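Notes follow once the structure below has been shown.
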2 protein chains.
Amino acid sequence: MKAEKISEFTTHRLSIYLRCLAALDEEGVETISSKSLAERFNLNSAQIRKDLAYFGQFGVRGVGYPVRDLRRRISNILGLDSLHKVCVIGGGNLGMALAEYGGFLQHGFSVVAVFENSPAKIGTTWRNGVPVVSIGDLKETVRARGIEMAMIAVPAAAAREVCERVFDAGIRAILNFAPVRVVPRPGTKIQSIDLSISLEGLSFFLAGRATGTR
Amino acid sequence: MKAEKISEFTTHRLSIYLRCLAALDEEGVETISSKSLAERFNLNSAQIRKDLAYFGQFGVRGVGYPVRDLRRRISNILGLDSLHKVCVIGGGNLGMALAEYGGFLQHGFSVVAVFENSPAKIGTTWRNGVPVVSIGDLKETVRARGIEMAMIAVPAAAAREVCERVFDAGIRAILNFAPVRVVPRPGTKIQSIDLSISLEGLSFFLAGRATGTR
DNA sequence: TTCTGTGAATACCTTCACAGCG
DNA sequence: CGCTGTGAAGGTATTCACAGAA
């Protein structure tokens, strides 16, 4: 791997390539060229080659990339060789939906706990067996269960404080759903998904067409 | 407004500015400079001025921007003057969580229906009064209720077909949660949120630190 | 003087185009 | 030959720096 720092655009595309390679591998396809891979996402083939070249020389000139091998390597690059343990903070609707979402496990992420502060919910077990734990037990549970990431699904007002507690518990990666900008500590990463802002982007698009911008 | 096309980076930031301006307005602040606004998101002040300049000259030299006025204008630019009616396709956990999420209404989006294909759920009403409607009635309901946007929360396998039906029903803006790339029709827009890919980005970050990339 | 609005400079991301290997 | 890997070119986004208005 080269010393340069990799952009998020690249890592995002790696995930996309990985999905496609997994499907191809399952189909029994053994080799794929950057060109035919590119066509699937209407993307430039040089883009794919550049993305991969950051991490080594995986291809065979005149042939293409060996599907299974490339799949394994990208999986490795993304740190997906082993299952990642994830927790959800906040046992409201969104939190519970996240805890139960089947897609995570399929991609190597296992939700092992939901943290809550409402006594009524603490101690219960969610449908698929995920325990609802007191937020007070965050630190011990994180350590005991080897939790590496947290998904924050608490009200906006609580988000900042919750992130601090999560960092204090030793977690260094957060996926934040609260509509609040939180600044990561050095050595940590926060990725935010703001549903209202996404909808506002769509609203802008619709408004533009309406006023004839086309 | 200038003829240039506006990048998504800009519109995304406009949403962020809007949030901040709303808070300032509520606090009674009357004027804000690009510099002090920039400090809140550690962002460059020229960035903010450029973003706003695409749409007109809103500021007063030597003073800054009038908070309430700028708030109204951005709101207008983003098409947020009126409430937007939104539907959810898919009545699973995620779909129901989206239907009940209070944050949308606060930002001008109202979820007015959840579309489902399971007969057991159709005809029921979700907690906050959102009706669960048969996907077969999509077109009529969209027309009758003036629905402008759809949030897709169906399994990956169904996503593509569902998007087609949504477009056929006259909706031109989609927020897609299914882990599938869907190509928008001309004149439509699809914004995708892929939870697993977001987690993979975090996994890459953690993997990098672990191998000493720092 | 302060702070906007904006051309110029820079940094970054993508695409082109081709040398070179299998 | 076909396709990768990559320097060079082309675009786009961000930042700098300053002229000019209040």
Side-chain angles (χ1 to χ4, degrees), chain A residues 1-17 20-21 24 29-74 77 181 197 201 204, chain B residues 1-17 20-21 24 29-71 73-74 77 181 201 204:
Chain A
M1 191 193 303
K2 298 176 185 179
E4 321 166 48
K5 78 172 203 318
I6 309 300
S7 96
E8 291 198 3
F9 292 95
T10 293
T11 61
H12 187 264
R13 283 190 300 263
L14 287 181
S15 286
I16 293 172
Y17 304 155
C20 187
L21 289 166
L24 289 168
V29 178
E30 295 192 346
T31 308
I32 187 139
S33 70
S34 60
K35 185 159 171 288
S36 54
L37 198 56
E39 280 162 6
R40 309 202 170 213
F41 324 110
N42 55 304
L43 215 131
N44 185 293
S45 67
Q47 179 81 86
I48 295 179
R49 297 198 295 277
K50 271 252 154 84
D51 285 340
L52 298 175
Y54 285 121
F55 302 96
Q57 311 208 150
F58 305 142
V60 181
R61 289 171 195 237
V63 179
Y65 297 88
V67 170
R68 177 159 304 182
D69 180 54
L70 186 59
R71 180 189 181 182
R72 280 214 204 90
R73 281 163 179 273
I74 294 182
I77 289 164
R181 221 191 81 88
I197 286 185
F204 175 76
Chain B
M1 192 192 303
K2 297 175 186 179
E4 321 166 47
K5 79 172 200 317
I6 308 301
S7 96
E8 291 198 2
F9 292 96
T10 293
T11 60
H12 187 263
R13 282 190 300 262
L14 286 181
S15 286
I16 294 171
Y17 306 155
C20 187
L21 290 166
L24 289 167
V29 178
E30 295 192 347
T31 307
I32 187 142
S33 70
S34 60
K35 186 159 170 288
S36 54
L37 198 56
E39 280 163 5
R40 310 202 169 214
F41 325 110
N42 56 305
L43 215 132
N44 186 293
S45 66
Q47 179 82 86
I48 295 180
R49 295 197 296 278
K50 272 252 156 85
D51 284 339
L52 297 176
Y54 284 121
F55 303 95
Q57 311 209 149
F58 305 143
V60 182
R61 289 171 193 234
V63 180
Y65 297 88
V67 170
R68 176 157 306 182
D69 179 53
L70 186 58
R71 179 187 182 184
R73 281 163 180 274
I74 294 181
I77 289 163
R181 220 190 81 88
F204 175 77

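Note that the coordinates shown come from a computational prediction; the quantities given were computed from them, not determined experimentally. All values below were derived from every heavy atom in this structure, side-chain atoms included, with hydrogens, water molecules and symmetry-related copies excluded.
For B:Leu37 and C:dG5, the CG to P distance is 13 Å, given to the nearest whole Å. For B:Gln57 and D:dG20, the CD to C1' distance is 12 Å, given to the nearest whole Å. For B:Lys35 and C:dT1, the NZ to C1' distance is 14 Å, given to the nearest whole Å. What separates CZ of A:Arg61 from C1' of C:dA19 is a distance of 8 Å, to the nearest Å. The distance from atom NZ of A:Lys5 to atom C1' of C:dC12 is 8 Å, rounded to the nearest whole Å. Look at CD on A:Glu8: it is 13 Å from P on D:dT14, rounded to the nearest Å. Atom-to-atom, CG of B:Leu52 to P of C:dT4 comes out at 10 Å; the value is rounded to the nearest Å. Rounded to an integer number of Å, the gap from B:Asp51 CG to C:dT6 P is 13 Å.
Below the 3.5 angstrom threshold, one finds a donor paired with an acceptor across the side chain of B:Lys50 and the base of D:dT15.
Among the nucleotides C:dT14, C:dT4, C:dC18, the one closest to any side-chain atom of B:Arg49 is C:dT4. When the nucleotides D:dA22, C:dT14, C:dA19 are ranked by their closest atom to the side chain of A:Arg13, C:dT14 comes out on top.
Using a 4.0 Å cut-off, some side-chain N or O of A:Ser34 falls inside it from OP1 or OP2 of D:dT4.
Using a 4.0 Å heavy-atom cutoff across all strands shown, B:Ser7 reaches sugar-phosphate atoms only and no base atom. Within 4.0 Å (heavy atoms only), B:Ser45 reaches no atom of the nucleic acid at all.
Each of A:Gln47 and B:Tyr65 has a nearest nucleotide on DNA chain C; the 5'-most of these lies closest to B:Tyr65. Nearest-nucleotide positions on DNA chain C for A:Asn44 and A:Phe9 put A:Phe9 closer to the 5' end.
Of the residues A:Leu14, A:Thr10, A:Thr11, the one that meets the side chain to side chain contact (heavy atoms under 4.5 Å, CB included) test with A:Tyr54 is A:Thr10.
Closest heavy-atom contact between A:Tyr17 and A:Leu43: OH-CD2, 4.0 Å. Of all the heavy atoms in B:Phe58 and B:Leu52, the pair that sits closest is CE1-O, 3.8 Å. B:Phe204 and A:Ile77 get closest at one heavy-atom pair: CD1-O, 3.3 Å.
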Determine, step by step, whether A:Arg49 and A:Ser45 satisfy the side-chain hydrogen bond (donor to acceptor under 3.5 Å, both in side chains) criterion, reporting the C-alpha distance in whole Å, the side-chain angles of both residues, the deciding distance to 0.1 Å, and the verdict. CA-CA 6 Å; A:Arg49 297 198 295 277; A:Ser45 67; 3.1 Å; yes
